Amino acid sequence: MIKPNDQELEEWLNEFTIEYPSEEKIEQTIAMLHHYVPKKKKVHLFRQVYKELLGVSRVFWMTNLIYLAAGIGFIFIGGGNPYITLFLLAPLPVLISLIDVFRGRDEGMIELELSFKHSPSQLILSKLATIGLFNLVCNVLLIAVIHIFTEHILLSSLLKYWVVPYMVSISLCLFLSIKFRAVFAAPISIAILFSLGMAISQMAQVYEAVPTGMFLFLFMAALFVLGLEVKMIYKGAYHEFSD
Amino acid sequence: MLGLLKFELYKIYKQKSIYILFALLIAIISTGGWIDRSSEKVIYQGYQKWEGKLTAEKINKLDRIREDGNKKSDTGQEFTFKEHLLYSISMVIFQQTNFTEERNKEITQLKEKIQQTPLSYKKRQDELKKDMLSSIDTSDFYYPKGPAIMLDMIYTFGFVITAFMTIIGIGPIFSKEYSSGMDQFLLSSKYGRSKAVTAKILASLLFILSVIAMWSLYSVARSAYSFGLHGWKSSIQSVIQFLESPYPFSLSSAFTLMMMIHVIAALAFGVLVVFISAVSKKVIVSVLTSGVIFGLPLVLDTVLDYGGTKKVWVDRFISFSIYQFMKVKELFVGFRTYNFFGYPVLQPILAVILSFLTIILFWFITQWIMKKKQITV
Amino acid sequence: MNLAIEHVTKKYGNHHAIDDISCEFSNGVYGILGANGSGKTTLMRMLATVTTPTAGIIRVNGKNILSLGDDYRDMIGYLPQHIGLYKNFTADKFLHYIAALKGLSKKEAALKIEELLDLVNLMDVRKKKVGTFSGGMKQRIGIAQALLNDPKILIVDEPTAGLDPKERIRFRNLLSSISGERIVLLSTHIVSDIEFIAKEVLILKNGRLLHKRNPQELLHEIAGKVWLVTTAESEIPRYQDMFKVGNIVRSESRVELRIISDDRPSLAAILTTPNLEDLYLYFFEEDFDAGPVKV
Ligand SMILES: Nc1ncnc2c1ncn2[C@@H]1O[C@H](COP(=O)(O)OP(=O)(O)O)[C@@H](O)[C@H]1O
Ligand SMILES: [Mg+2]
């Protein structure tokens with residue numbers, strides 16, 4: 001067979017005509033097919049998150065449980081100081097869970113997740129909210145137990161030893177997780193928390209002498225930074241992270 | 001081999017996480033470190049008059065100053081800066097002479113006890129303590145602030161920096177290879193199971209040495225700038241945390257020795273972390289496991305000590321932990337020995353021996369494991 | 001060079017990934033053909049010593065490869081199926097690292113890397129980070145690293161995945177040109193990769209070695225079983241239900257089906273010469289849909 005050149009081929013192809021279906025027919029077809037399109041099921045965002053947390057993040061529940069057990073053990077059996085216990089242990093469940101929250105991104109699943117119904121930003125934020133709230137409940141529980149069974153907890157000390165370190169370490173970790181791999185953000189934040197905790201336990205008088213106003217300021221600053229971070233996540237700033 | 005070592009070092013130092021952590025830690029130790037150098041100078045000048053041999057004459061003078069000061073503070077009178085300085089010098093000397101007396105009392109007690117007891121571990125222990133106490137020389141007095149601050153740095157922040165930098169920097173050394181699939185090349189190449197493993201361990205140790213060098217240089221430079229480089233001849237007992245220490249060291253030898261023990265313990269921790277990394281499939285597992293090994297004694301020590309009561313088994317656990325070895329301080333504050341075939345072994349010596357054993361053991365095990373290793377995925 | 005696999009079995013739990021395989025290799029290219037999950041990767045991993053057999057021994061020139069250890073690894077080049085790379089390394093640096101792992105001196109490495117980068121056509125991106133490479137480029141750098149130490153035994157696991165047709169042909173020619181003084185083991189599920197260069201083809205199925213023969217002999221096995229049937233488009237499903245249908249060629253209003261069957265599928269069917277693709281279909285009936293890709 002002789003190979004036709006392009007021009008010949010074009011001429012030859014032009015001999016064929018294809019009739020387009022009429023508008024009406026197209027519409028009809030679409031209307032008919034519409035019946036068969038499955039209805040979108042409404043999955044509530046929080047329900048999905050709840051499911052995911054239950055299924056995926058056993059780490060999160062475990063860490064909280066261990067936290068409660070360790071907290072009670074240290075204070076009631078070990079006779080440890082409740083404040084420094086709160087300082088060192090309270091942020092750990094959240095910090096460790098952040099690894100899980102950002103795992104999808106760290107493992108390069110963002111592209112896949114972007115095609116899901118809920119955006120990854122929504123998923124991350126709602127996971128954060130769930131984790132934060134649950135951990136808060138655990139904390140309040142532990143503090144209540146301490147307050148009732150051992151010593152009375154002072155609100156100003158609570159600010160110094162729990163609220164501020166908790167907020168600061170979590171906002172630091174969240175920031176690092178947005179910018180870098182969460183696998184390192186969490187250990188780095190824990191390292192910082194422990195270094196501070198060690199130093200403070202050795203220089204308790206100095207720490208006690210810092211005025212409460214300073215801590216209120218730190219608390220507000222951490223809250224502000226946290227707000228900024230939520231906004232960054234919402235805008236998808238975490239997509240670009242460095243390895 | 002040298003080529004492989006270079007590559008392993010390159011991989012370690014290429015990690016951004018170590019720089020973030022180091023910057024944050026240095027930021028923490030730098031806050032609150034502001035010193036008024038001019039007033040510090042005045043304080044030093046105040047002390048300088050009393051430096052050297054503590055003669056009976058000096059002690060008498062200081063005794064009078066102390067009594068005056070006591071009266072003044074009882075009646076609630078104000079001190080001038082100079083008076084206050086003199087008063088605190090007199091208090092320091094008073095405390096030291098008191099302790100010297102107590103030490104002498106203990107030495108005589110020990111002597112009696114030794115004569116009564118037959119040859120045994122207990123007797124050898126007492127003899128050792130007696131010898132150590134008798135060689136303590138606190139008759140010289142120097143202003144030890146600079147060296148004291150450098151010593152302080154080891155057990156407040158320095159050892160924590162070393163440990164956390166090791167965990168973050170060395171924790172991924174093998175586990176990252178596994179999770180990235182690079183282990184397939186490692187395990188199928190000529191030297192991947194032998195020399196490359198040695199190279200990884202050596203690189204880790206060099207990294208740890210560099211971390212220690214960094215923070216200790218920073219700390220020495222800072223305290224030299226703020227307090228000057230004098231006072232090294234003062235005894236370790238002149239630093240308040242070591243007031244009751246039975247070790248007859250000057251601050252210069254104490255600092256050298258404590259840094260050396262810290263380095264050895266840190267290297268032991270490093271080899272341990274390399275081992276953990278070699279048996280962990282994921283980076284996070286190796287990092288958290290090493291974190292727990294160092295962090296658990298830290299948390300127990302911090303939380304439980306703070307309240308006062310410490311359980312005996314917790315105490316035992318902590319005193320044999322890598323955390324305590326790296327911290328060094330606790331090894332020197334008191335007299336603690338272990339019975340080794342009837343002979344007393346001092347705790348710092350034991351710590352060094354255990355650290356060396358850890359290095360040898362886990363180095364060997366890691367090499368062996370990598371020889372037998374199969375890929376994980 | 002003689003490589004012998006003796007009663008090798010690899011179990012994962014109770015599952016036999018490789019089930020009592022014995023065979024020998026001498027210099028030349030060997031194609032290992034098998035569907036996904038048939039055990040190709042497992043077999044090659046054992047040959048590369050990254051995993052060890054549950055039972056059985058692999059010998060090279062009569063010596064157990066596991067006792068040879070580093071000396072054996074010095075002889076091999078291995079390209080894993082899924083290669084991992086340091087994203088932050090440049091192509092150059094990566095190859096230098098592997099060269100160091102393989103014990104090449106700096107000088108040797110520099111020369112060899114120059115040569116190989118040229119061979120795999122990556123010269124112009126040698127200073128680029130491998131994290132930015134496309135799948136095909138990663139595969140090519142993988143091939144380059146396997147060849148760094150002039151391996152006497154080259155083990156390549158689905159090396160052509162991710163390569164475009166032109167690269168694939170280059171790679172095929174490359175393998176056949178270097179195979180003279182070494183053993184090349186190449187696994188694939190793409191028949192055309194090995195059709196003309198393999199000295200022998202091994203057919204693996206569910207961890208078992210079904211055949212290890214010269215392609216011509218294997219083709220002889222199915223001679224008289226490959227048919228061409230010309231029929232109407234609407235008839236295709238009927239044929240697919242009843243027979244293993246290979247290539248389908250459309251021509252104007254009719255279609256021509258390639259059918260593998262012991263018996264004549266229809267009166268109008270005519271016998272044709274079998275090729276390796278037919279062979280693959282013949283052995284892997286279940287994996288039919290995911291079957292061979294002809295490039
Ligand atoms: N690490 C492993 N753990 C458990 N099963 C495995 C593992 N690796 C492979 N297998 C199983 O062994 C069989 C052979 O796999 P593989 O050698 O990868 O096949 P192929 O390379 O031919 O696709 C498969 O059934 C697979 O599921
Ligand atoms: Mg495979």
Side-chain angles (χ1 to χ4, degrees), chain B residues 1-20 169 172-203 277-278 280-283 367-377, chain C residues 10 12 41-42 44-54 65-66 68-89 93-109 129-131 138 141-142 145-146 148-149 151 153 155 157:
Chain B
M1 181 70 210
L2 206 64
L4 279 173
L5 181 61
K6 268 190 211 156
F7 274 110
E8 295 305 337
L9 284 170
Y10 176 81
K11 283 194 266 176
I12 292 175
Y13 285 103
K14 201 81 198 212
Q15 304 172 97
K16 283 202 192 81
S17 44
I18 58 172
Y19 299 101
I20 300 170
I173 195 155
F174 277 107
S175 50
K176 191 160 183 208
E177 309 274 9
Y178 304 154
S179 57
S180 67
M182 274 302 292
D183 55 339
Q184 306 182 96
F185 298 119
L186 211 61
L187 300 183
S188 66
S189 60
K190 186 181 180 188
Y191 290 143
R193 292 171 178 271
S194 48
K195 286 190 183 174
V197 181
T198 314
K200 271 181 167 9
I201 297 175
L202 286 177
S277 190
S280 307
K281 282 182 191 165
K282 288 183 170 179
V283 173
Q367 296 268 14
W368 185 77
I369 281 178
M370 292 313 292
K371 271 240 148 33
K372 305 273 161 209
K373 185 89 188 169
Q374 304 195 33
I375 55 164
T376 30
V377 187
Chain C
K10 179 74 182 179
Y12 289 112
T41 297
T42 308
M44 303 199 113
R45 282 178 168 177
M46 289 189 287
L47 288 166
T49 73
V50 297
T51 186
T52 45
T54 315
I65 58 168
L66 292 180
L68 280 174
D70 288 357
D71 291 335
Y72 171 69
R73 280 185 284 277
D74 193 24
M75 284 182 224
I76 64 169
Y78 174 48
L79 172 63
Q81 181 174 5
H82 302 286
I83 56 172
L85 301 165
Y86 299 123
K87 289 186 195 137
N88 292 324
F89 273 39
K93 194 160 208 105
F94 177 75
L95 290 177
H96 270 107
Y97 175 59
I98 301 287
L101 281 178
K102 294 191 173 199
L104 271 70
S105 76
K106 236 178 170 170
K107 233 185 198 163
E108 287 173 312
K129 293 194 169 169
V130 290
K138 282 182 186 160
I141 201 170
Q145 66 77 29
L148 270 172
N149 57 333
I153 300 170
I155 303 160
D157 198 354

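These numbers come from a predicted model, not from an experiment. Reminder, nothing fancy here: chain letters follow the sequence lines and each chain counts from 1.
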Q) Of all heavy-atom pairs between Met370(B) and Arg193(B), which one has the smallest distance, and what is that distance? A) O-NH1, 3.0 Å
Q) Which atoms form the tightest heavy-atom contact between Ile18(B) and Ile12(B), and what is the distance? A)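 Of all heavy-atom pairs spanning Ile18(B) and Ile12(B), the closest is CD1-O, 3.6 Å.
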Q | Candidates Asp74(C), Leu68(C), Asp70(C) - the one meeting side chain to side chain contact (heavy atoms under 4.5 Å, CB included) with Tyr72(C) | A |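 Looking at Asp74(C), Leu68(C), Asp70(C), the match for Tyr72(C) under the side chain to side chain contact (heavy atoms under 4.5 Å, CB included) is Leu68(C).
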Is [X] close to chain B through its backbone or its side chain, or both, or neither, when contacts mean heavy atoms under 4.5 Å?
| X | result |
| --- | --- |
| Ile83(C) | both |
| Lys93(C) | both |
| Tyr86(C) | both |

Q. Quick one: of Pro80(C), Ala48(C), Gly142(C), Gly77(C), who has the most non-hydrogen atom pairs under 4.5 Å with chain B?
A.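 Of Pro80(C), Ala48(C), Gly142(C), Gly77(C), Pro80(C) has the most heavy-atom pairs under 4.5 Å with chain B.
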Q) Given the options Val50(C), Thr51(C), Leu79(C), which has more heavy-atom pairs under 4.5 Å with chain B than any of the others? A)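 Among Val50(C), Thr51(C), Leu79(C), the one with the most close pairs to chain B is Val50(C).
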Q) Are Lys373(B) and Glu177(B) close enough for a salt bridge, meaning some N to O gap below 4.0 Å? A) no
**Q.** Residue pair Gln81(C) / Met44(C), side-chain heavy-atom distance below 4.5 Å
**A.**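 No; the side chains remain at least 4.5 Å from each other.
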(Q) As a test of understanding, state which of Tyr78(C), Tyr97(C), Phe94(C) forms a ring-ring contact (aromatic ring centres under 6.0 Å, His included) with Phe185(B). (A)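 So, applying the ring-ring contact (aromatic ring centres under 6.0 Å, His included) to Phe185(B) and each of Tyr78(C), Tyr97(C), Phe94(C), only Phe94(C) qualifies.
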Q.
Please rank Met1(B), Lys195(B), Lys11(B) by heavy-atom pairs under 4.5 Å with chain C and give me the top one.
A.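 Of Met1(B), Lys195(B), Lys11(B), Lys11(B) has the most heavy-atom pairs under 4.5 Å with chain C.
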**Q.** Region of Glu8(B) that comes under 4.5 Å of a non-hydrogen atom in chain C
**A.** side chain
